[in-house]
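Remarks on the structure that follows.
One-based numbering, in listed order, for ligands and for the atoms of each.
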Amino acid sequence: MEKTTQFLDLGKQPLANGFLSMQDIDTEYFYNLKYQYDPETSLVSMIDKPAPELMFNDSYPYHSSGSRTMNLHFNRTANSIKSNYNPKTILEIGTNDGAFIRHFNKENSLCVEPCSNFAANTSNDGYSTYNEFWSLELAQKIREEHGFIDVIYAANTMCHMHDLDSALEGIHTLLGPKSVFIFEDPSLLSMLQRCSYDQLYDEHPYIFSVTALDKILRKHHMIITNVESLPVHGGSNRIYAQTTHSPIAIHQSMGYHNHLFMERQLGVDNFETYELFSEAVKRSKGFLLGMLVAFNGNVISYGATSKSTTIFNYCGIGPETIKYIIDTTKDKQCLLSPGAHIPILSPEEGLSNLSDFDAIFLGAWNFIKEILQKERRLKNKKWITHVPFPRFL
Ligand code: DWN
């Protein structure tokens, strides 16, 4: 049997959401960001994972409701779940600021959120909230208190779980014969196709293919019934799964079969694909640096994303190249970006003098449509993205 093999080294990295002030620079945490491929499960995973408590605590700054695109996405998702399943109970794992769960009645909803700043939000609004990391023990407690759950939903959460086996065992504990587990995460295939290696950072110990999930869910007595491609977060997959411990006949959709076929065609279960990806990442770095440096420091970045933490630290980009980053999130403003220490300003401040800069790096490239639509005043600037390769828009 072939062994799990490393294919990517993105070097020394800070916590992707570890925005910091000047006085915290000396004690900033760093780790080595490397990924490996397991030929047995087809799973792509991080090699040395920083402890979850370092990232998800009382000052986690990322708000799920921070964009029009995602608010629309959660609204549509909630409507589709209501009309397809009409759940009497819904559990969301990783509720963040409640962007999704707020579409459901408080009486029917359960929230799980380890970041206490966000758990306090939903709890204060009357939603039953467990301010804990998802675990088998928590699942058993919920089962004792509430029985089986009709719909379990998790958006951009399963790929954050360190102990995937225990997390999935916990989910299975709560699935009755008619329950459904719906989860969405960035797609490995989209990352390979777009060379969007910035999907890789401390909070993502895994990036999933349907191929890998198919095997792992089966191991935990669950079966995938449907897969949908979603445009959000740079290309995601939404997986629908149910327990195999059910007398109800299981139907696996065309969406499921098509995704498996597409992934096989594109080499997701072949180590060579990852070696080629790693080479493409190195080339992307060289080209992006060349483009940015040519602007002699007259570049800003749009969106202080976790993704751009990976880019800036892997490419060695600092304030000499990117003057500042603009971001609407109050909890990120007036701080420095992790590792690269680029100042973060509010859009009002950063865009008050348009002659301050010539080019804009699109850190939040996954919101390209929303951003270009609202920033018509910046249409004469050079917009730079690294997806799917470094280029001007
Ligand atoms: O899984 C994760 C994903 C879903 O979200 C996390 N682990 C953390 C986070 O990753 P990210 O920071 O790369 O996510 P976003 O959603 O790409 O971040 C967008 C950032 O850009 C936010 O800080 C908000 C900001 N923004 C802005 O300033 N102006 C976004 C838009 C659309 C805008 O117009």
Side-chain angles (χ1 to χ4, degrees), residues 13-19 33 46 49-50 52 54-57 60-74 77 93-97 99-100 113-115 118 154-162 183-187 190-191 196-208 230-238 300-313 324-333 335 337-338 342 344-351 360-378 383 385-387:
Q13 293 277 348
L15 302 176
N17 272 303
F19 299 93
L33 182 58
M46 191 184 293
K49 309 176 183 95
L54 285 173
M55 314 163 212
F56 307 112
N57 43 46
Y60 187 63
Y62 178 74
H63 290 247
S64 307
S65 65
S67 66
R68 203 173 60 82
T69 309
M70 288 313 293
N71 284 322
L72 205 65
H73 172 75
F74 287 128
T77 305
I93 306 173
T95 344
N96 195 274
D97 62 6
F100 167 79
E113 175 50 60
C115 303
F118 290 127
N156 303 302
T157 302
M158 295 315 294
C159 70
H160 292 63
M161 306 251 168
H162 278 215
F183 64 106
E184 53 192 65
D185 288 290
S187 138
S190 296
M191 180 189 79
S196 48
Y197 64 93
D198 51 345
Q199 296 285 11
L200 304 175
Y201 47 89
D202 56 337
E203 295 176 17
H204 290 175
Y206 301 99
I207 178 143
F208 296 130
L230 306 174
V232 296
H233 289 301
S236 301
N237 284 329
R238 179 180 289 154
I300 67 163
S301 187
Y302 202 113
T305 58
S306 315
K307 296 183 287 295
S308 53
T309 296
T310 295
I311 302 277
F312 295 155
N313 287 280
Y324 53 84
I325 306 172
I326 54 165
D327 197 288
T328 48
T329 315
K330 296 241 171 332
D331 294 342
K332 297 181 184 176
Q333 293 164 5
L335 293 174
S337 73
I342 303 170
I344 296 155
L345 307 181
S346 68
E348 294 72 31
E349 196 182 345
L351 301 178
I360 306 166
F361 174 68
L362 198 45
W365 58 269
N366 42 318
F367 295 115
I368 185 167
K369 232 172 157 179
E370 175 174 344
I371 292 172
L372 294 184
Q373 244 166 31
K374 77 174 168 197
E375 297 296 7
R376 292 187 207 283
R377 67 194 151 147
L378 301 175
W383 287 84
T385 182
H386 67 290
V387 179

Is a side-chain donor-acceptor pair under 3.5 Å present for Y60 with E113?
no
Does some non-hydrogen atom of R68 fall short of 4.0 Å from ligand 1?
no
Numbered in order shown, the ligand 1 atoms found under 4.0 Å of a heavy atom of H204 are 1 (O), 2 (C), 7 (N)
Using distance alone, determine whether Y201 and ligand 1 share an N or O pair under 3.5 Å.
yes
for atom 22 (C) of ligand 1, nearest protein heavy atom and its distance come out as D327 OD2, 3.6 Å
Closest non-hydrogen protein atom to atom 17 (O) of ligand 1, residue and atom name please, with distance?
K307 NZ, 2.6 Å
Which atoms of ligand 1 have any heavy atom of N156 under 4.0 Å away?
1 (O), 4 (C)
Whether E375 lies under 4.0 Å from ligand 1, heavy atom
no
Any atoms of ligand 1 less than 4.0 Å from a non-hydrogen atom of Y60? List them with their elements.
6 (C), 7 (N), 8 (C)
Note: ligand 1 atoms sitting under 4.0 Å from heavy atoms of F367 are 15 (P), 16 (O), 17 (O), 19 (C), 32 (C)
Against heavy atoms of E370, which atoms of ligand 1 measure under 4.0 Å?
32 (C)
For ligand 1 and H160, I'd like to know whether there is a polar contact (N/O to N/O, distance under 3.5 Å).
yes
Tell me, do F56 and H160 make a side-chain contact under 4.5 Å, heavy atoms counted?
yes
Using a 4.0 Å cutoff against the non-hydrogen atoms of S306, which atoms of ligand 1 qualify?
8 (C), 9 (C), 10 (O), 11 (P), 12 (O), 13 (O)
Quick one: does S67 get an N or O within less than 3.5 Å of an N or O on ligand 1?
no
Just checking H63 against F118, ring centres under 6.0 Å apart?
yes
